[in-house]
Structure formats: structure tokens, C-alpha cells
Student: 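Sharing a structure here in C-alpha cells format.
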Amino acid sequence: MGDSNTSVAEPGEVTVVTTKPAPKKAKPKRQPKYHVVLWNDDDHTYEYVILMMHELFGHPVEKGFQIAKTVDADGRAICLTTTKEHAELKRDQIHAYGKDELIARCRGSMSSTIEPEC
């Protein structure tokens with residue numbers, strides 16, 4: 001006959017079953033990215049740029065050389081793309097890096113800015 005585990009509603013009794021939709025997993029918001037841009041000048045050598053890229057960004061010599069070539073040819077080069085706070089730190093480190101000892105007329109560090117990634 002009937003299964004003893006089956007429940008039956010009494011006459012006149014209404015059983016309402018509601019189900020909640022599974023909560024949507026919120027995707028973590030991605031922080032906007034910013035480029036650290038190095039600007040060209042005539043007061044710094046390739047050696048200076050290569051060494052600075054290695055010391056401040058951990059770039060290998062080859063990557064430092066590519067950045068030096070790009071900044072020389074195009075007037076600017078992107079050194080790193082990262083969060084705004086990290087980009088600001090790296091920009092400030094470039095500004096504090098000091099002058100190029102290989103060029104007598106050099107008075108200080110290279111220029112750098114940050115800009116939002118498109």
C-alpha cells in the first residue's frame with residue numbers, strides 16, 4: 001500500500017513549498033589598471049635606463065634595453081601596468097632614482113607619469 005515515509009496533507013490543509021534561488025556568487029571587482037610611463041630626455045643613457053628598470057622593476061637586461069630603445073625612439077615607454085597605488089609608487093621611485101653619473105650635464109632623475117589603461 002503506502003510508504004510509511006510519505007506524508008499526506010490533511011483535507012483543507014495547504015502546503016506551500018518555496019525555494020530560494022541559489023545566491024549568485026559576486027565576482028570580485030577588478031581594480032582598474034594604470035601604466036607607468038617613462039618619458040624621454042637627452043640627459044640619461046641607455047645604461048641608466050637598463051639599470052633603473054632592473055633595480056626598480058626587476059626587469060632583465062633585455063627588457064630594460066627594449067624600454068630604453070622605445071623611450072628613445074617614441075619619446076615614451078610603458079614600464080609596467082599595475083594597480084593605481086603600485087603605479088604611483090613606481091612613478092615616485094623613478095623620480096627619486098637620481099641623476100645619471102655618465103652624463104655630466106644630468107641634473108636629476110627621468111620623468112615618469114601614470115595613466116589609466118585603456
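Just so we're clear, the structure is a prediction, and the values are computed from it rather than from any experiment.
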Student: Show the nearest heavy-atom pair for residues Thr82 and Ala87, with the distance to one decimal.
Tutor: CG2-N, 3.4 Å
Student: Would you compute the distance between atom CG of Asp42 and atom CG of Asp72 and round it to the nearest 0.5 angstrom?
Tutor: 8.5 Å
Student: Measure the spacing between NE2 of His86 and CD1 of Ile114 and express it to the nearest 0.5 Å.
Tutor: 12.0 Å
Student: What distance separates Ile94 CD1 from Leu89 CG, expressed to the nearest 0.5 Å?
Tutor: 10.0 Å
Student: What's in the same ILVMFWY side-chain cluster as Ile103, cut-off under 4.5 Å, chained through other members?
Tutor: none
Student: Can you tell me if His44 uses its side chain to pair, donor with acceptor, with the backbone of Gly108 under 3.5 Å?
Tutor: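 Yes; at least one donor-acceptor contact below 3.5 Å.
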Student: Once rounded to the nearest 0.5 Å, what's the spacing between atom NZ of Lys99 and atom OH of Tyr48?
Tutor: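 Between Lys99 NZ and Tyr48 OH, I get 11.0 Å after rounding to 0.5 Å.
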Student: Can you name the nearest heavy-atom pair linking Ser109 to Gly98, along with the distance?
Tutor: OG-N, 2.6 Å
Student: Checking Ser112 against Val36 for the side-chain contact (heavy atoms from CB on, under 4.5 Å) test, could you report, in this order, the C-alpha distance in whole Å, the side-chain angles of both residues, the deciding distance, and whether it holds?
Tutor: CA-CA 7 Å; Ser112 176; Val36 179; 3.7 Å; yes
Student: Is there a side-chain contact between Leu102 and Glu47 in this structure, where contact means two heavy atoms from C-beta onward sitting under 4.5 Å apart?
Tutor: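 Side chain of Leu102 against side chain of Glu47, heavy atoms only: contact under 4.5 Å found.
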Student: Nearest 0.5 Å please: distance from the CG atom of Leu38 over to the CG atom of Leu80.
Tutor: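 CG of Leu80 is found 12.0 Å from CG of Leu38.
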Student: Kindly indicate whether the side chain of Asp43, heavy atoms from C-beta on, has any atom under 4.5 Å from the side chain of Arg107.
Tutor: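 They are not in contact (no side-chain heavy atoms under 4.5 Å apart), so the answer is no.
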Student: I'd like a table of donor-acceptor pairs (distance under 3.5 Å, sequence neighbours excluded) in which one partner is a side-chain atom from residues 51-63, with atom names and distances.
Tutor:
from, atom 1, to, atom 2, distance (Å)
His54, ND1, His59, O, 3.1
Glu55, OE1, Tyr97, OH, 2.8
His59, NE2, Cys79, O, 2.9

Student: Distance check, rounded to the nearest 0.5 Å: Phe65 atom CZ versus Thr70 atom OG1?
Tutor: 9.5 Å
Student: Determine, using the 4.5 Å side-chain heavy-atom cutoff (strictly less than), whether Val37 and Tyr34 are members of one ILVMFWY cluster.
Tutor: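 Val37 and Tyr34: separate clusters.
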